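The next block holds one structure in the form of structure tokens; read it before the comments.
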Amino acid sequence: MVNSANDPLLAADDLHLSFGSTQALNSASLRVYAGEVLALMGPSGSGKSTLLHCLAGILTPDTGRVTYAGRDLSAMSDSERSALRRTEFGFVFQFGQLVPELTCLENVALPLRLAGVGRRQAQGAAAGWLARLEVADVAQKRPGQASGGQGQRVAVARALVSRPRVIFADEPTGALDSLNGERVMQLFIAAARDTGAAVVLVTHEPRVAAYSGREAVVRDGRVREQEYAL
Amino acid sequence: MSAPVAARARWGSELALGVRLSVAGGRSGWVRLAMISLGVGLGVAMLFLAATLPAVTAVRDARVTARTVDPQQSIPRAADTLLTSEIKSEFRGRAIYGQQLQPEGDRAPLPPGVSRRLAPGEMVVSPALGELLASGDGALLRDRWPARIVGTIGPAGLSGPQEYAVYLGTDRLTDTTGHRVRSFGKSWDDGGMSPLLVLLGVVGLVVLLLPVMIFVTTAVRFGGEARDRQLAALRLVGADAAMTRRIAAGETLAGALLGLAVGGLLYLAVGLLLSRFVPPGLSFYPSDFRPVPVLAVLVVVLVPVVAVLVTLSALRRVVVEPLGVVRRSGDRRRRLWWRLVLPVAGLALLYPMRNGLSGQSTGFEYQVMAGVAALLVGVALLLPWVVDAVVRRLGGGSVAWQLAVRRLQLDSGTAVRAVSGIAVSVAGAIALQGLLAAVEAQFSPETGRDTAQFQSDVMLRQPLDPSGSWVRALRSTPGVRAVGPTSSFRAAAAGAAPDADTTLTVGDCDVLRLFARLDSCADGDSFIVTAPGTAALRPGTYAVRERSLPATDPSAQSWTLPAAARTVPAHADPGLDAQSGLMATPGALAGLKRPLADDVYVGVDPSDPDALDRVRNAAAHLDPSVLVWPVDPRSIENALASIRQGLLAGATALLLLIGASMLVNVAEQLRERRRLLAVLVAFGTRRATLTGSVLYQMAIPVALGLGLAVLTGSGLAMVMQALASAPISADWFGIGATSAVAALVVLLTTAASLPLLWRLTRPGGLRSE
Amino acid sequence: MCIVAVMSVGFALLGLLESGPRHGYDLKRSYDQRFGQGRTLHYGQVYSTLARLLKNGLVEVESEPGDGPDRKRYAITSAGVTDVATWLSQAERPEPYLQSTLYTKVVLALLTGRDAADVLDAQRAEHLRLMRELTRRKTGGDLADQLVCDYALFHLEADLRWLELTAARLDQLAGQVTGHAAGQVVGQVHP
């Protein structure tokens with residue numbers, strides 16, 4: 001069990017963010033602890049994806065602070081945040097995230113290659129993760145030739161390959177049927193547990209959220225965070 | 001039977017549906033339609049221009065022919081004859097055409113465009129020349145012909161509105177100084193254009209028009225992927241495959257027809273602009289600017305037909321299913337053999353002419369045109385295979401490189417289509433440049449003349465006394481530094497065969513230096529001039545006589561070439577090979593009757609731009625028809641250089657056009673991948689990586705296309721050089737310049753796509769759902 | 001703890017007997033193994049059910065040599081087989097769950113000016129807690145475990161979806177509840 005008394009790995013404090021006249025985040029605060037699986041739930045348009053993007057340093061909030069391992073993300077330059085995302089974070093999205101021209105193996109190797117790892121070494125590591133997620137057989141295929149479930153597992157492998165400390169997953173099973181979705185979640189969470197990565201899981205499906213250790217509900221740009229019961 | 005009628009009605013309604021879809025497709029539909037019609041319009045405008053060129057030149061040529069004086073007529077003086085003498089003058093580098101007219105009776109003919117007879121001291125001028133003479137700029141020119149302007153020359157007598165032309169009334173022409181005519185106009189056939197120029201024109205036309213056609217076919221495919229998705233949606237509601245094809249055809253037809261209209265407007269606008277801003281020597285009347293009707297009809301009919309055919313053939317590769325679009329091109333390997341048919345055929349057509357154009361039967365130009373076109377189209381056909389074959393073997397490299405290479409491996413067709421235009425135009429441009437370089441080398445051999453002292457040659461039509469006042473008049477013209485009259489005799493060695501005579505040129509040391517390399521010279525010296533391939537003359541006694549007299553003329557005088565005469569190498573004469581002969585300073589001719597001058601060399605102050613025109617004025621006072629030539633004729637070279645520059649400019653314009661279509665492709669592709677780009681940025685991809693991949697993605701096909709183009713172009717240039725019987729050489733300047741421009745276009749296109757890339761990779765990109 | 005599907009123990013025992021006669025003790029063990037997820041049968045319940053079935057002529061007893069109650073073997077009669085078939089072919093009546101405690105709690109919270117969202121959040125947390133436990137069990141268990149837990153998970157998920165929907169419409173509901181007499185609202189829900 002994760003000790004809630006520890007300092008959080010990633011924390012959002014009093015975030016506000018508006019897109020034009022739409023207020024997406026309205027004093028949102030959240031803590032993510034190392035190694036935990038946190039489900040971000042809430043109705044569509046509640047701001048949960050926006051909160052995820054802010055936590056990952058993709059979006060910068062209008063006001064408020066996001067701190068990762070004690071570093072203030074909003075004080076970083078764009079390239080520093082990019083480097084952080086390359087090395088410390090991993091991402092899984094609902095769909096359309098694999099580069100269609102690259103083979104699945106090359107897709108998985110991509111984050112390592114971006115971080116400067118040599119091609120051979122990167123693809124070796126990628127092959128290991130494809131096997132771990134039981135999709136070694138699609139390694140040489142392009143994403144278009146793999147099924148939806150296989151594609152998501154490839155995406156999960158890609159998120160894990162750089163051994164990130166936080167993985168952000170935005171509706172990772174949203175485009176899959178229940179059976180495929182369950183399998184992806186099981187493999188995903190097990191692999192994340194093994195690497196010790198924290199997972200921030202945006203979902204509106206309670207059964208997917210049930211893979212988390214804790215949930216936070218976003219409503220109208222505000223977070224109701226469930227604390228760990230001791 | 002009513003079935004065919006019903007079928008036709010359905011066809012019509014489906015085509016109409018396509019037309020409606022193209023305009024009802026919302027903003028993107030409009031953008032697509034606009035791109036297609038703009039692309040087709042540009043192409044159509046260029047095709048119309050090409051169709052206009054022959055018409056404009058034909059009309060100009062007809063008018064110029066109609067005013068030509070036929071010098072071969074030999075007719076007695078009568079009441080209907082006219083003595084003429086051509087005036088070939090220049091003012092500030094612009095040519096002035098003119099004639100001196102001396103009617104010999106009441107019924108003497110008038111040149112075209114001239115409505116009244118001119119008395120001595122009267123002249124008519126073209127409107128452009130009249131304007132010039134009336135303006136401050138023309139003050140210097142007003143002094144050239146001391147005559148009163150009594151009218152203007154009408155369009156019928158001018159090649160174009162900007163031409164400088166003058167007809168001068170005179171009474172000083174004689175049978176020997178003038179040509180007697182009964183009418184204007186040329187009745188003889190001068191054998192048409194030089195085959196070499198025809199070759200240039202033909203190759204130029206093919207080189208410019210092929211990329212235009214390729215551009216039109218690319219333009220028709222603008223936004224094709226969005227269209228395919230639209231068609232898929234139509235299949236979902238029940239359209240069958242044939243219907244979707246007809247709907248697509250209708251949509252393209254709408255774009256092509258709109259393109260025709262746009263092209264027509266563009267053409268008119270360009271015509272209006274051209275008639276004002278074309279170089280004065282090429283000026284034409286707006287009424288001349290209309291395409292050859294047959295060609296215009298061909299363009300109007302063929303462009304929409306080609307557009308529809310291209311669309312249909314593009315759809316052949318695509319299976320439009322109700323739930324989406326499947327591209328068949330993905331894994332299909334391109335075959336080589338049929339792509340080689342055209343280049344081989346092109347070579348086969350050109351091969352018989354390897355020994356030059358001389359002795360070719362008429363119609364050779366069609367064979368050349370077909371051969372060149374086949375070779376160039378062959379490049380366009382070969383390129384997809386080359387790109388495919390090379391890209392398949394590429395690997396390794398950075399992430400940006402990998403992204404680009406994989407993208408090209410999956411679908412190189414779009415990139416190649418845009419690039420094949422580049423390849424064809426560059427291949428053609430290199431071929432033309434090479435041909436031009438060869439022609440240049442042939443037409444303007446270095447004369448080696450020293451132009452420090454004298455720059456102009458005033459060619460007298462009748463020998464004059466070199467000590468006459470006209471020499472003083474020339475010498476006192478402001479800006480003139482030196483005046484050097486020369487005279488020439490025919491000289492025959494005593495005892496030699498009567499026809500083995502040679503030229504004895506007499507002049508000051510300074511003038512003689514123009515003809516041969518003299519190490520030292522003083523008055524009293526004489527020289528034996530040698531040229532390659534001729535036997536050197538020997539000192540001894542020569543019989544010298546005036547140039548126009550026969551060898552046996554009794555007026556011949558005896559002259560001894562002293563044994564001390566030095567042998568010196570000749571410089572080349574402009575337009576001729578180096579001439580051998582004898583040269584002497586006036587002091588060496590002691591005892592001979594003083595010869596009359598037939599050429600006067602004039603040196604002017606190079607810092608005084610008007611000096612040469614003052615010399616022309618002074619010469620015109622002597623005789624309006626006197627010719628003033630540059631000593632070292634760089635003008636041909638200049639003309640060729642400007643053709644080369646024009647060619648480079650044309651190639652650049654084409655490359656820019658192609659760059660624009662590449663930009664459209666890239667923009668479309670980027671927009672389609674908006675989500676993927678956002679994801680890539682989310683997991684930390686540097687923008688430099690994405691930019692690099694866009695750059696590589698354009699640069700790889702362009703580099704391959706250029707490579708193929710340089711190979712084909714150089715090969716074609718060598719074939720052309722062989723055809724022109726010119727020395728064969730590679731034109732590294734042309735290759736370098738065109739390649740540099742192509743590289744620049746790639747960089748510009750990449751740079752132009754960056755703002756869109758930036759915008760699409762902004763953090764908001766993930767929020768599209 | 002697991003919510004066991006509501007079903008008749010009697011039909012379950014009959015179904016189990018179809019494959020062959022068994023002792024009461026065997027029957028209990030089979031039942032527990034297959035259907036007993038979290039709630040095993042007592043011996044007493046087994047024997048009282050069997051007695052009822054015997055009375056209705058759906059099973060019969062085959063006695064074996066020896067003594068004691070455990071030496072009775074039960075076998076299904078043809079009437080019993082027919083009954084099982086009829087039961088299986090009959091659709092279960094969907095339960096409307098109109099009388100929901102949770103709904104009542106939400107309305108009462110609104111009526112008394114308390115935060116209804118808190119009620120919903122508390123319930124969500126509780127539901128998710130249970131769902132996590134089921135998910136953990138499912139991940140470690142065999143196919144039968146997975147199917148049974150999924151059954152429960154889908155039902156819990158349905159509850160949670162209702163919670164989400166209600167949460168999204170709390171403002172609307174609050175307007176109606178506070179703007180009208182409570183009875184009217186309840187009356188609308190229970191026509």
Side-chain angles (χ1 to χ4, degrees), chain A residues 17 19 24 44 49-50 52-54 56-60 78-103 106-107 109-120 122 142-145 155 158-159 161-162 164 167-168 170-171 174, chain B residues 225 324-331 391-392 394-412 414-415 669-670 672-690 692-694 696-697 700 758 760-769:
Chain A
L17 179 57
F19 298 110
S44 306
S49 286
T50 305
L52 179 107
H53 294 157
C54 284
I58 298 171
L59 287 175
T60 312
D78 183 58
S79 66
E80 281 173 324
R81 279 198 300 269
S82 291
L84 189 70
R85 292 199 298 269
R86 254 193 324 270
T87 53
E88 306 279 301
F89 297 166
F91 294 88
V92 183
F93 296 98
Q94 186 173 355
F95 63 90
Q97 52 198 315
L98 298 175
V99 183
E101 295 87 24
L102 300 184
T103 62
E106 287 166 337
N107 261 295
L110 199 55
L112 291 179
R113 306 260 353 249
L114 287 172
V117 178
R119 187 178 150 99
R120 198 162 303 240
R142 284 192 295 267
Q145 297 163 319
R158 185 170 71 179
V161 74
S162 53
I167 296 173
F168 297 93
D170 194 349
E171 303 281 8
Chain B
E225 303 196 351
V325 181
V326 184
R327 262 156 240 289
R328 267 189 273 200
S329 58
D331 290 327
V391 162
R392 209 170 337 114
L394 289 178
S398 65
V399 175
W401 175 264
Q402 189 185 35
L403 285 171
V405 165
R406 287 279 190 264
R407 168 85 197 169
L408 288 172
Q409 281 171 348
L410 196 62
D411 173 28
S412 58
T414 323
Q669 189 199 321
L670 286 179
E672 209 165 78
R673 298 158 76 89
R674 147 199 315 263
R675 188 184 158 74
L676 182 65
L677 287 171
V679 168
L680 284 173
V681 169
F683 67 76
T685 310
R686 293 179 190 87
R687 278 178 179 169
T689 307
L690 296 176
S693 114
V694 170
Y696 286 134
Q697 206 183 308
I700 293 172
W758 280 178
L760 291 182
T761 52
R762 273 207 308 243
L766 279 171
R767 298 180 39 80
S768 49
E769 276 70 40

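Heavy-atom basis, side chains included; hydrogens, waters and symmetry copies ignored. Below, chain A is the first sequence line, B the second, and so on; all start at residue 1. Only a predicted model underlies this, so the values are computations on that prediction, with no experimental measurement involved.
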Shortest non-hydrogen contact from B:Leu676 toward A:Leu98: CD1-O, 3.5 Å
Going by side-chain hydrogen bond (donor to acceptor under 3.5 Å, both in side chains), name the residues that satisfy it together with A:Ser79, two or more places apart in sequence or in a different chain. A:Ser77
Applying side-chain hydrogen bond (donor to acceptor under 3.5 Å, both in side chains), name anything that partners A:Glu171, two or more places apart in sequence or on another chain. A:His204
With only heavy atoms counted, which part of B:Thr685 is less than 4.5 Å from chain A, the side chain, the backbone, both or neither? both
B:Val681 backbone acceptor or donor facing A:Arg85 side chain under 3.5 Å: yes
Part of B:Val405 lying under 4.5 Å from any heavy atom of chain A: neither
Portion of B:Leu408 that has a non-hydrogen atom of chain A nearer than 4.5 angstrom: neither
Once you round to the nearest 0.5 Å, how far does CG of A:Leu114 lie from CZ of B:Phe683? 6.0 Å
How long is the straight-line distance from CG of A:Asp78 back to CZ of B:Arg686, given to the nearest 0.5 Å? 11.5 Å
Which atoms form the tightest heavy-atom contact between B:Ala682 and A:Phe91, and what is the distance? O-CE1, 3.1 Å
State, with a plain yes or no, whether a side-chain heavy atom of A:Ser82 is found less than 4.5 Å away from one of B:Arg687. no
Closest approach of A:Arg86 to B:Gly684 (non-hydrogen atoms, all atoms of both residues): NH1-O, 2.6 Å
Side chains of A:Arg142 and B:Arg406: does their closest heavy-atom pair fall under 4.5 Å? no
Atom group of A:Pro164 that falls short of 4.5 Å from chain B, counting heavy atoms: neither
Top contributor to chain B interface from A:Arg113, A:Gln97, A:Arg158, A:Glu101 [non-hydrogen pairs under 4.5 Å]: A:Glu101
For the residue pair B:Arg407 and A:Val99, establish whether any side-chain heavy-atom pair is separated by less than 4.5 Å. no
